[in-house]
Amino acid sequence: MTVPDATIAAARTIVGDSLAELRKAVEGCTVDQLNRRPAGDDTNGLGVLVTHTLHSTRAWLGLAVGAPLPERDRPAEFAVVVDDPDAFLATFDTFATDCRALLETEAPFDAGRVGTAPWRPGDLAQEPVTAAWALLHAIAHLREHVGHAQLTRQVV
């Protein structure tokens with residue numbers, strides 16, 4: 001049996017645990033709870049927060065492991081209005097499965113491989129980033145938003 005790359009194995013665990021915590025933050029929520037902006041129009045509800053987090057995580061993990069990059073409309077992520085909590089959770093589960101699948105590789109992690117993130121704004125879209133940076137950013141960003149979602153759930 002091949003031993004998985006230690007970096008990818010660690011990322012698998014952290015991402016898997018984080019996605020489970022993120023799902024807990026939205027399980028059982030009503031449409032109102034998923035859409036409510038806890039501190040007014042300048043804040044995001046759980047539906048927006050989770051949608052953005054899943055799209056971002058999938059994209060950055062794809063860049064990190066050299067997978068084909070998904071289409072991404074970042075501004076649309078912040079315009080999401082949830083109208084069916086069950087459909088929202090089904091979409092969540094699809095994205096979470098995609099994220100986990102990106103880390104189900106036995107290939108060695110090429111931390112120095114360079115790519116770009118076309119979903120980034122302006123000149124950042126062409127700025128090269130290493131696979132290591134993309135992986136660390138994916139995990140840090142995911143964890144940050146897990147905390148946001150947990151706090152938002154408590155408020156709503």
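If you're wondering where the values come from, they're calculated on a predicted model, not measured in any experiment.
Residues P85 and V31 approach most closely at CD-CG2, 3.6 Å, considering heavy atoms. When all heavy atoms of A59 and L69 are compared, the closest pair comes out as O-CD2, 3.9 Å. Of all the heavy atoms in A11 and L135, the pair that sits closest is CB-CD1, 3.9 Å. Nearest heavy atoms, L61 versus C99: CD1-O, 3.8 Å. The two residues L22 and T53 come nearest to each other via the heavy atoms CD2-CG2, 3.8 Å.
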Verdict with reasoning, L54 to L19, per side-chain contact (heavy atoms from CB on, under 4.5 Å): CA-CA 9 Å; L54 292 170; L19 291 169; 3.9 Å; yes
Worked check of side-chain contact (heavy atoms from CB on, under 4.5 Å) between T116 and V129: CA-CA 6 Å; T116 59; V129 296; over 6 Å; no
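Listed by first and then second residue, the salt bridge (charged side-chain N to carboxylate O under 4.0 Å, His left out) pairs that reach into residues 117-128 come to none, sequence neighbours excluded. Pairs of residues two or more places apart, or lying in two chains, that qualify as ring pair (Phe, Tyr, Trp, His ring centres under 6.0 Å) and include a residue from residues 44-81 are H52-F78, H52-H141, H52-H145, H55-F95, W60-W119, W60-W133, W60-H137. Pairs engaging residues 14-26 under the side-chain hydrogen bond (donor to acceptor under 3.5 Å, both in side chains) rule: S18-R143, E21-K24, E21-Q150, R23-E27, R23-D93 [sequence neighbours left out].
Atoms CG and CG, from L89 and L34 in turn, are 7.5 Å apart once rounded to the nearest 0.5 Å. From T30, atom OG1 reaches atom CG of N35 across 8.5 Å, with rounding to the nearest 0.5 Å. To the nearest 0.5 Å, the span separating CG on L63 from CG on L102 amounts to 11.0 Å.
At least one side-chain heavy atom of S56 sits under 4.5 Å from a side-chain heavy atom of R72.
With sequence neighbours left out, the side chain to side chain contact (heavy atoms under 4.5 Å, CB included) criterion links V155 to P38. With sequence neighbours left out, the side chain to side chain contact (heavy atoms under 4.5 Å, CB included) criterion links A107 to T105. A search for side-chain hydrogen bond (donor to acceptor under 3.5 Å, both in side chains) contacts involving D98 returns R58, not counting sequence neighbours. Under the side chain to side chain contact (heavy atoms under 4.5 Å, CB included) criterion, D83 pairs with no residue at all, not counting sequence neighbours. Remark: A125 pairs with no residue by the side chain to side chain contact (heavy atoms under 4.5 Å, CB included) rule, at least two apart or across chains. In this structure, E71 has no salt bridge (Lys or Arg N to Asp or Glu O under 4.0 Å) partners at least two apart in sequence or on a different chain. Taking D32 as the reference, R36 meet the side-chain hydrogen bond (donor to acceptor under 3.5 Å, both in side chains) condition, with sequence neighbours excluded. Not a single salt bridge (Lys or Arg N to Asp or Glu O under 4.0 Å) links R153 to another residue, sequence neighbours left out.
Checking side-chain atoms of Q154 against main-chain N and O of L151 turns up no donor-acceptor pair under 3.5 Å.
Cluster membership check: V156 shares its hydrophobic cluster with V146, using side-chain heavy-atom separations under 4.5 Å among Ile, Leu, Val, Met, Phe, Trp and Tyr. Note: the hydrophobic cluster containing I8 also contains I14 (ILVMFWY, side chain heavy atoms under 4.5 Å, direct or indirect links).
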N/O donor to acceptor pairs below 3.5 angstrom from side-chain atoms of residues 39-50, sequence neighbours left out:
unit_1: T43; atom_1: OG1; unit_2: A39; atom_2: N; d: 3.2
unit_1: T43; atom_1: OG1; unit_2: G40; atom_2: O; d: 2.7

